[in-house]
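Written out below as C-alpha coordinates is the structure these notes cover.
Every heavy atom of this structure was used, including side-chain atoms; hydrogens, water molecules and symmetry mates were not. Chain letters run A, B, ... following the sequence lines, proteins first and then strands; every chain starts at 1.
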2 protein chains.
Amino acid sequence: MCVDTSLKGTLHRRGLRMTPQRQLVLDAVRDLGHATPEQVCTQVQAVAPAVNITTVYRTLDLLEQLGVVQHAHLGHGAPTYSEHEHRHVHLVCHSCGKVDEAPTELLSAVSERTLTERGFRLDATHVALSGTCADCAARREADSDDPDADDGAGTTETPEGGP
Amino acid sequence: MCVDTSLKGTLHRRGLRMTPQRQLVLDAVRDLGHATPEQVCTQVQAVAPAVNITTVYRTLDLLEQLGVVQHAHLGHGAPTYSEHEHRHVHLVCHSCGKVDEAPTELLSAVSERTLTERGFRLDATHVALSGTCADCAARREADSDDPDADDGAGTTETPEGGP
DNA sequence: CTCCTTGCAAATGATTTGCAAAAAC
DNA sequence: GTTTTTGCAAATCATTTGCAAGGAG
(Lines give C-alpha, C1' and ligand atoms only; values in the text may rest on other atoms or scores of the structure.)
Protein backbone atom coordinates (compact mmCIF):
# COMPACT_ATOMS: atom_id res chain seq x y z
CA MET A 1 0.00 0.00 0.00
CA CYS A 2 1.40 3.30 -0.98
CA VAL A 3 -1.33 5.51 0.43
CA ASP A 4 -1.88 5.28 4.15
CA THR A 5 -5.57 5.71 4.77
CA SER A 6 -5.38 5.73 8.56
CA LEU A 7 -6.20 8.96 10.29
CA LYS A 8 -2.77 8.99 11.88
CA GLY A 9 -1.09 8.66 8.50
CA THR A 10 -3.25 11.34 6.92
CA LEU A 11 -2.44 13.72 9.73
CA HIS A 12 1.28 12.98 9.79
CA ARG A 13 1.60 13.53 6.08
CA ARG A 14 0.59 17.11 6.77
CA GLY A 15 2.72 17.56 9.82
CA LEU A 16 -0.35 17.35 12.03
CA ARG A 17 -0.67 15.32 15.18
CA MET A 18 -2.73 12.37 16.15
CA THR A 19 -4.81 12.83 19.28
CA PRO A 20 -7.45 10.73 20.99
CA GLN A 21 -9.98 13.51 20.44
CA ARG A 22 -9.53 13.39 16.70
CA GLN A 23 -9.98 9.66 16.59
CA LEU A 24 -13.07 9.91 18.78
CA VAL A 25 -14.66 12.55 16.58
CA LEU A 26 -14.01 10.52 13.45
CA ASP A 27 -15.40 7.40 15.12
CA ALA A 28 -18.50 9.29 16.14
CA VAL A 29 -19.09 10.57 12.62
CA ARG A 30 -18.70 7.07 11.21
CA ASP A 31 -20.93 5.69 13.88
CA LEU A 32 -23.74 8.18 13.51
CA GLY A 33 -23.87 8.21 9.72
CA HIS A 34 -24.94 11.80 9.51
CA ALA A 35 -24.85 13.97 12.58
CA THR A 36 -24.68 17.57 13.67
CA PRO A 37 -21.67 18.86 15.56
CA GLU A 38 -23.70 18.72 18.73
CA GLN A 39 -24.71 15.12 18.18
CA VAL A 40 -21.11 14.24 17.48
CA CYS A 41 -20.10 16.00 20.66
CA THR A 42 -22.63 14.08 22.71
CA GLN A 43 -21.43 10.83 21.23
CA VAL A 44 -17.81 11.69 21.93
CA GLN A 45 -18.56 12.83 25.46
CA ALA A 46 -20.19 9.50 26.20
CA VAL A 47 -16.66 8.08 26.07
CA ALA A 48 -14.58 11.11 27.00
CA PRO A 49 -16.64 13.63 28.96
CA ALA A 50 -13.81 16.15 29.09
CA VAL A 51 -13.83 16.77 25.36
CA ASN A 52 -15.08 20.23 24.66
CA ILE A 53 -17.53 21.10 21.92
CA THR A 54 -15.06 23.64 20.63
CA THR A 55 -12.69 20.81 19.87
CA VAL A 56 -15.44 18.97 18.06
CA TYR A 57 -16.11 21.94 15.81
CA ARG A 58 -12.42 22.41 15.14
CA THR A 59 -11.85 18.74 14.48
CA LEU A 60 -14.80 18.42 12.12
CA ASP A 61 -13.46 21.36 10.21
CA LEU A 62 -10.04 19.81 10.04
CA LEU A 63 -11.32 16.41 9.00
CA GLU A 64 -13.29 18.06 6.25
CA GLN A 65 -10.21 19.85 4.96
CA LEU A 66 -8.43 16.51 4.98
CA GLY A 67 -11.23 15.07 2.89
CA VAL A 68 -12.07 12.49 5.52
CA VAL A 69 -15.55 13.78 6.26
CA GLN A 70 -17.94 16.15 4.55
CA HIS A 71 -20.90 18.15 5.64
CA ALA A 72 -24.34 18.63 4.15
CA HIS A 73 -27.04 21.13 4.96
CA LEU A 74 -30.29 19.45 5.73
CA GLY A 75 -32.52 22.48 5.49
CA HIS A 76 -32.93 23.81 8.99
CA GLY A 77 -29.86 25.25 10.64
CA ALA A 78 -27.59 22.42 11.56
CA PRO A 79 -25.11 21.02 9.08
CA THR A 80 -24.51 17.30 9.39
CA TYR A 81 -21.26 15.50 8.93
CA SER A 82 -20.66 12.10 7.44
CA GLU A 83 -17.77 10.12 6.09
CA HIS A 84 -16.54 11.28 2.75
CA GLU A 85 -16.91 7.76 1.36
CA HIS A 86 -20.45 7.52 2.58
CA ARG A 87 -21.92 9.47 -0.31
CA HIS A 88 -25.66 9.78 -0.44
CA VAL A 89 -28.49 12.15 -1.07
CA HIS A 90 -30.44 13.24 1.97
CA LEU A 91 -34.21 13.21 1.91
CA VAL A 92 -35.45 15.37 4.73
CA CYS A 93 -39.06 15.41 5.85
CA HIS A 94 -39.88 18.97 6.80
CA SER A 95 -42.85 17.78 8.76
CA CYS A 96 -41.26 15.33 11.19
CA GLY A 97 -37.61 16.08 10.49
CA LYS A 98 -36.76 12.50 9.64
CA VAL A 99 -33.71 12.08 7.42
CA ASP A 100 -33.64 9.34 4.84
CA GLU A 101 -30.88 8.49 2.42
CA ALA A 102 -30.96 7.74 -1.28
CA PRO A 103 -28.21 6.71 -3.67
CA THR A 104 -26.53 9.59 -5.44
CA GLU A 105 -27.55 8.19 -8.80
CA LEU A 106 -31.04 9.41 -8.00
CA LEU A 107 -29.81 12.76 -9.22
CA SER A 108 -27.55 11.67 -12.04
CA ALA A 109 -30.02 12.67 -14.75
CA VAL A 110 -30.55 16.06 -13.15
CA SER A 111 -26.84 16.45 -12.73
CA GLU A 112 -26.25 15.76 -16.40
CA ARG A 113 -28.89 18.20 -17.37
CA THR A 114 -27.63 21.09 -15.25
CA LEU A 115 -24.15 20.45 -16.57
CA THR A 116 -25.24 20.45 -20.19
CA GLU A 117 -27.67 23.31 -19.96
CA ARG A 118 -25.82 25.58 -17.58
CA GLY A 119 -22.38 24.20 -16.93
CA PHE A 120 -23.46 23.68 -13.34
CA ARG A 121 -21.74 20.72 -11.72
CA LEU A 122 -24.16 19.36 -9.21
CA ASP A 123 -22.72 17.92 -6.05
CA ALA A 124 -25.28 15.33 -5.08
CA THR A 125 -23.76 14.66 -1.67
CA HIS A 126 -24.23 18.19 -0.42
CA VAL A 127 -27.80 18.19 -1.51
CA ALA A 128 -30.67 17.86 0.87
CA LEU A 129 -34.01 17.24 -0.74
CA SER A 130 -36.95 18.51 1.26
CA GLY A 131 -40.40 17.10 1.23
CA THR A 132 -42.94 15.08 3.12
CA CYS A 133 -42.21 11.51 4.07
CA ALA A 134 -44.71 8.73 3.53
CA ASP A 135 -45.85 8.66 7.15
CA CYS A 136 -46.46 12.36 7.37
CA ALA A 137 -48.20 12.45 4.00
CA ALA A 138 -50.57 9.74 5.18
CA ARG A 139 -51.18 11.54 8.45
CA ARG A 140 -51.95 14.75 6.64
CA GLU A 141 -54.27 13.16 4.17
CA ALA A 142 -56.15 11.43 6.96
CA ASP A 143 -56.34 14.61 8.97
CA SER A 144 -57.63 16.94 6.27
CA ASP A 145 -56.58 18.06 2.86
CA ASP A 146 -54.18 20.68 4.09
CA PRO A 147 -51.53 21.04 1.41
CA ASP A 148 -48.99 23.11 3.30
CA ALA A 149 -49.51 23.64 7.02
CA ASP A 150 -45.90 24.11 7.94
CA ASP A 151 -45.78 24.24 11.70
CA GLY A 152 -49.45 24.27 12.49
CA ALA A 153 -49.38 27.50 14.47
CA GLY A 154 -53.07 27.19 15.14
CA THR A 155 -54.48 28.13 11.77
CA THR A 156 -56.11 25.20 10.12
CA GLU A 157 -56.90 27.16 7.04
CA THR A 158 -54.66 27.80 4.09
CA PRO A 159 -56.59 29.57 1.34
CA GLU A 160 -53.83 29.33 -1.22
CA GLY A 161 -54.82 27.69 -4.43
CA GLY A 162 -52.85 26.78 -7.53
CA PRO A 163 -51.36 29.37 -9.86
CA MET B 1 -65.70 32.68 -5.49
CA CYS B 2 -63.97 36.02 -5.57
CA VAL B 3 -60.87 35.45 -3.54
CA ASP B 4 -59.21 38.68 -2.65
CA THR B 5 -55.53 38.22 -3.33
CA SER B 6 -54.45 41.57 -1.97
CA LEU B 7 -52.36 41.53 1.16
CA LYS B 8 -54.92 43.65 2.93
CA GLY B 9 -57.69 41.23 2.10
CA THR B 10 -55.65 38.21 3.12
CA LEU B 11 -54.88 39.82 6.44
CA HIS B 12 -58.40 41.01 7.13
CA ARG B 13 -59.83 37.57 6.48
CA ARG B 14 -57.85 36.44 9.51
CA GLY B 15 -58.62 39.39 11.67
CA LEU B 16 -55.13 40.75 11.14
CA ARG B 17 -54.24 44.31 10.32
CA MET B 18 -52.71 45.99 7.36
CA THR B 19 -49.63 48.04 8.10
CA PRO B 20 -47.10 49.87 5.94
CA GLN B 21 -44.34 47.60 7.27
CA ARG B 22 -46.10 44.49 6.03
CA GLN B 23 -46.56 45.92 2.58
CA LEU B 24 -42.94 47.01 2.46
CA VAL B 25 -41.66 43.61 3.45
CA LEU B 26 -43.80 41.91 0.84
CA ASP B 27 -42.68 44.40 -1.79
CA ALA B 28 -39.06 43.77 -0.88
CA VAL B 29 -39.47 40.02 -1.18
CA ARG B 30 -41.10 40.39 -4.57
CA ASP B 31 -38.46 42.83 -5.66
CA LEU B 32 -35.48 40.79 -4.60
CA GLY B 33 -36.69 37.45 -5.90
CA HIS B 34 -34.96 35.45 -3.21
CA ALA B 35 -33.44 37.20 -0.27
CA THR B 36 -32.39 36.63 3.30
CA PRO B 37 -34.17 38.41 6.13
CA GLU B 38 -31.25 40.77 6.40
CA GLN B 39 -31.34 41.63 2.72
CA VAL B 40 -35.07 42.20 2.96
CA CYS B 41 -34.48 44.43 5.95
CA THR B 42 -31.90 46.49 4.10
CA GLN B 43 -34.26 46.89 1.17
CA VAL B 44 -37.11 47.94 3.44
CA GLN B 45 -34.94 50.35 5.38
CA ALA B 46 -33.96 52.08 2.16
CA VAL B 47 -37.53 53.36 2.11
CA ALA B 48 -38.40 53.34 5.80
CA PRO B 49 -35.27 53.48 7.95
CA ALA B 50 -37.22 53.16 11.17
CA VAL B 51 -38.38 49.63 10.45
CA ASN B 52 -36.70 47.22 12.78
CA ILE B 53 -35.21 43.92 11.72
CA THR B 54 -37.33 42.23 14.35
CA THR B 55 -40.39 43.32 12.46
CA VAL B 56 -38.94 41.93 9.26
CA TYR B 57 -38.42 38.54 10.85
CA ARG B 58 -41.91 38.55 12.33
CA THR B 59 -43.49 39.70 9.10
CA LEU B 60 -41.70 37.13 6.97
CA ASP B 61 -42.92 34.48 9.37
CA LEU B 62 -46.44 35.77 9.16
CA LEU B 63 -46.44 36.05 5.38
CA GLU B 64 -45.22 32.50 5.18
CA GLN B 65 -48.06 31.30 7.39
CA LEU B 66 -50.44 33.14 5.12
CA GLY B 67 -48.98 31.32 2.14
CA VAL B 68 -47.87 34.55 0.51
CA VAL B 69 -44.16 33.86 0.67
CA GLN B 70 -42.05 30.81 1.30
CA HIS B 71 -38.51 30.23 2.39
CA ALA B 72 -35.80 27.94 1.09
CA HIS B 73 -32.51 26.93 2.62
CA LEU B 74 -29.66 27.61 0.28
CA GLY B 75 -27.04 25.57 2.05
CA HIS B 76 -25.14 27.92 4.29
CA GLY B 77 -27.01 29.46 7.17
CA ALA B 78 -29.39 32.00 5.81
CA PRO B 79 -32.84 31.03 4.59
CA THR B 80 -34.10 33.04 1.66
CA TYR B 81 -37.65 34.16 1.07
CA SER B 82 -39.50 34.47 -2.18
CA GLU B 83 -43.05 34.81 -3.36
CA HIS B 84 -45.08 31.66 -3.10
CA GLU B 85 -46.00 31.96 -6.75
CA HIS B 86 -42.44 32.35 -7.79
CA ARG B 87 -41.65 28.63 -7.61
CA HIS B 88 -38.22 27.58 -8.68
CA VAL B 89 -35.33 25.34 -7.81
CA HIS B 90 -32.26 27.07 -6.49
CA LEU B 91 -28.85 26.18 -7.85
CA VAL B 92 -26.24 27.40 -5.41
CA CYS B 93 -22.57 27.51 -6.21
CA HIS B 94 -20.74 26.58 -3.06
CA SER B 95 -17.59 28.11 -4.39
CA CYS B 96 -18.68 31.64 -5.14
CA GLY B 97 -22.09 31.59 -3.49
CA LYS B 98 -23.96 32.62 -6.63
CA VAL B 99 -27.60 31.59 -6.72
CA ASP B 100 -29.19 30.56 -9.99
CA GLU B 101 -32.74 29.45 -10.61
CA ALA B 102 -34.15 26.55 -12.58
CA PRO B 103 -37.73 25.55 -13.37
CA THR B 104 -39.24 23.12 -10.90
CA GLU B 105 -39.80 20.58 -13.64
CA LEU B 106 -36.06 19.95 -13.50
CA LEU B 107 -36.86 17.69 -10.58
CA SER B 108 -40.14 16.24 -11.74
CA ALA B 109 -38.63 12.89 -12.69
CA VAL B 110 -36.82 12.66 -9.36
CA SER B 111 -39.97 13.68 -7.57
CA GLU B 112 -41.94 10.93 -9.25
CA ARG B 113 -39.31 8.41 -8.40
CA THR B 114 -39.06 9.24 -4.71
CA LEU B 115 -42.83 9.16 -4.50
CA THR B 116 -43.12 5.78 -6.15
CA GLU B 117 -40.16 4.17 -4.44
CA ARG B 118 -40.48 5.65 -0.98
CA GLY B 119 -43.70 7.58 -0.76
CA PHE B 120 -41.58 10.70 -0.33
CA ARG B 121 -43.27 13.78 -1.70
CA LEU B 122 -40.52 16.05 -2.86
CA ASP B 123 -41.05 19.75 -2.48
CA ALA B 124 -39.00 21.16 -5.31
CA THR B 125 -39.35 24.76 -4.17
CA HIS B 126 -37.67 24.18 -0.84
CA VAL B 127 -34.80 22.45 -2.48
CA ALA B 128 -31.43 24.05 -2.94
CA LEU B 129 -29.09 22.16 -5.18
CA SER B 130 -25.44 22.67 -4.37
CA GLY B 131 -22.62 22.47 -6.81
CA THR B 132 -20.09 24.41 -8.77
CA CYS B 133 -21.17 26.98 -11.30
CA ALA B 134 -19.68 27.16 -14.77
CA ASP B 135 -17.35 30.03 -13.92
CA CYS B 136 -15.95 28.43 -10.81
CA ALA B 137 -15.59 25.06 -12.54
CA ALA B 138 -13.55 26.71 -15.27
CA ARG B 139 -11.43 28.49 -12.71
CA ARG B 140 -10.75 25.27 -10.87
CA GLU B 141 -9.94 23.32 -13.96
CA ALA B 142 -7.46 25.96 -14.95
CA ASP B 143 -5.90 25.73 -11.52
CA SER B 144 -5.72 21.94 -11.28
CA ASP B 145 -8.15 19.16 -12.05
CA ASP B 146 -8.64 17.36 -8.77
CA PRO B 147 -12.34 16.56 -8.63
CA ASP B 148 -12.49 14.12 -5.72
CA ALA B 149 -9.62 14.80 -3.36
CA ASP B 150 -10.85 18.06 -1.96
CA ASP B 151 -7.56 19.10 -0.47
CA GLY B 152 -7.36 22.84 -0.17
CA ALA B 153 -5.92 22.66 3.34
CA GLY B 154 -2.65 24.36 2.67
CA THR B 155 -3.63 26.29 -0.43
CA THR B 156 -4.70 29.87 -0.42
CA GLU B 157 -8.16 28.97 -1.60
CA THR B 158 -11.15 29.21 0.66
CA PRO B 159 -14.00 27.46 -1.14
CA GLU B 160 -16.75 28.73 1.09
CA GLY B 161 -17.26 32.35 2.00
CA GLY B 162 -17.68 31.29 5.58
CA PRO B 163 -19.79 32.94 8.29
C1' DC C 1 -61.90 52.36 22.46
C1' DT C 2 -59.88 47.74 21.99
C1' DC C 3 -56.73 44.69 20.40
C1' DC C 4 -53.03 44.00 17.10
C1' DT C 5 -48.27 45.60 15.92
C1' DT C 6 -44.11 47.73 16.49
C1' DG C 7 -39.55 48.98 18.36
C1' DC C 8 -36.29 48.44 21.62
C1' DA C 9 -33.34 45.94 24.48
C1' DA C 10 -32.19 41.90 26.46
C1' DA C 11 -32.22 36.73 25.94
C1' DT C 12 -31.05 32.87 23.37
C1' DG C 13 -28.55 29.38 20.70
C1' DA C 14 -24.99 28.06 17.66
C1' DT C 15 -20.41 28.70 16.28
C1' DT C 16 -15.77 31.13 16.70
C1' DT C 17 -11.66 33.13 18.79
C1' DG C 18 -7.67 34.41 22.17
C1' DC C 19 -4.75 32.52 25.20
C1' DA C 20 -2.26 29.76 28.58
C1' DA C 21 -1.76 24.97 29.95
C1' DA C 22 -1.19 20.18 28.28
C1' DA C 23 0.11 16.84 24.96
C1' DA C 24 2.39 14.96 20.78
C1' DC C 25 6.47 14.25 18.32
C1' DG D 1 12.32 20.90 23.72
C1' DT D 2 9.48 22.70 20.33
C1' DT D 3 5.25 23.13 18.06
C1' DT D 4 0.59 21.70 17.79
C1' DT D 5 -3.80 21.00 20.33
C1' DT D 6 -6.88 21.53 23.80
C1' DG D 7 -10.13 23.61 27.16
C1' DC D 8 -12.11 27.45 28.90
C1' DA D 9 -14.29 31.80 28.78
C1' DA D 10 -15.54 35.58 26.29
C1' DA D 11 -16.89 37.33 21.69
C1' DT D 12 -19.78 37.09 17.78
C1' DC D 13 -23.70 36.47 14.73
C1' DA D 14 -28.38 35.47 13.61
C1' DT D 15 -32.75 35.06 15.43
C1' DT D 16 -36.31 35.34 19.19
C1' DT D 17 -38.87 37.19 23.05
C1' DG D 18 -40.97 40.42 26.80
C1' DC D 19 -43.02 44.48 27.31
C1' DA D 20 -44.78 49.17 26.98
C1' DA D 21 -45.92 52.65 23.51
C1' DG D 22 -48.17 53.39 19.05
C1' DG D 23 -51.44 52.49 15.34
C1' DA D 24 -55.37 50.09 12.85
C1' DG D 25 -60.13 48.99 12.72
Would the base of C/dT5 count as contacting B/R22 through its side chain, where contact means a donor and an acceptor less than 3.5 Å apart?
no
May I have the step-by-step check of side-chain contact (heavy atoms from CB on, under 4.5 Å) for B/V68 and B/V29, ending in yes or no?
CA-CA 10 Å; B/V68 178; B/V29 169; over 6 Å; no
Let me know which of B/H73, B/H90, B/H34, B/H71 forms a ring-ring contact (aromatic ring centres under 6.0 Å, His included) with B/H126.
B/H71
With a 4.0 Å heavy-atom cut-off, tell me which residues in residues 50-61 of chain B come close to DNA chain D, sorted by residue number.
B/T54, B/Y57, B/R58
Roughly, in whole Å, what's the span from CZ in A/R14 to C1' in C/dC25?
19 Å
How is the hydrophobic cluster of A/V99 composed, in terms of its other members, when Ile, Leu, Val, Met, Phe, Trp and Tyr link through side-chain heavy atoms under 4.5 Å apart, directly or indirectly?
A/L74, A/V92
Length of the CG-C1' vector between A/L16 and D/dT5, whole Å
10 Å
Between C/dA24 (C1') and A/R17 (CZ): distance, integer Å
5 Å
Hey, is the side chain of A/T19 poking within less than 4.0 Å of OP1 or OP2 on D/dT6, counting only N and O atoms?
yes
For A/D27 and A/Q23, does a side-chain donor sit closer than 3.5 Å to a side-chain acceptor?
yes
Flag for A/Q70-A/T125: side-chain donor and acceptor within less than 3.5 Å
yes
Provide, to the nearest angstrom, the distance between the CG atom belonging to A/L24 and the P atom belonging to D/dG7.
10 Å
Begin with the C-alpha distance, continue with both residues' side-chain angles, and end with the deciding distance and a verdict on side-chain contact (heavy atoms from CB on, under 4.5 Å) for A/L63 and A/T59.
CA-CA 6 Å; A/L63 293 178; A/T59 304; 4.0 Å; yes
5' priority, DNA chain D, between B/P20 and A/L11 [closest heavy atom]:
A/L11
Atom SG in A/C96, atom CZ in A/R139: separation rounded to 0.5 Å?
6.5 Å
Measure CG/B/L66 against P/C/dC4 and give the value in whole Å, please.
15 Å
Separation of B/T19 OG1 from B/L11 CG (nearest 0.5 Å)
7.5 Å
Gap between atoms CE and C1', on A/M18 and D/dT6 respectively (whole Å):
15 Å
Closest approach of B/H12 to B/L16 (non-hydrogen atoms, all atoms of both residues):
CD2-O, 3.3 Å
Check whether any side-chain N or O of B/Q21 sits under 4.0 Å from OP1 or OP2 of C/dG7, and answer yes or no.
yes
Please give me every residue in residues 27-39 of chain B whose heavy atoms get under 4.0 Å of an atom in DNA chain C, ordered by residue number.
none
Output the rounded distance in Å from CG (B/L63) to P (C/dT5).
11 Å
Return the value, rounded to whole Å, for the distance between atom CD of B/Q23 and atom P of C/dT5.
15 Å
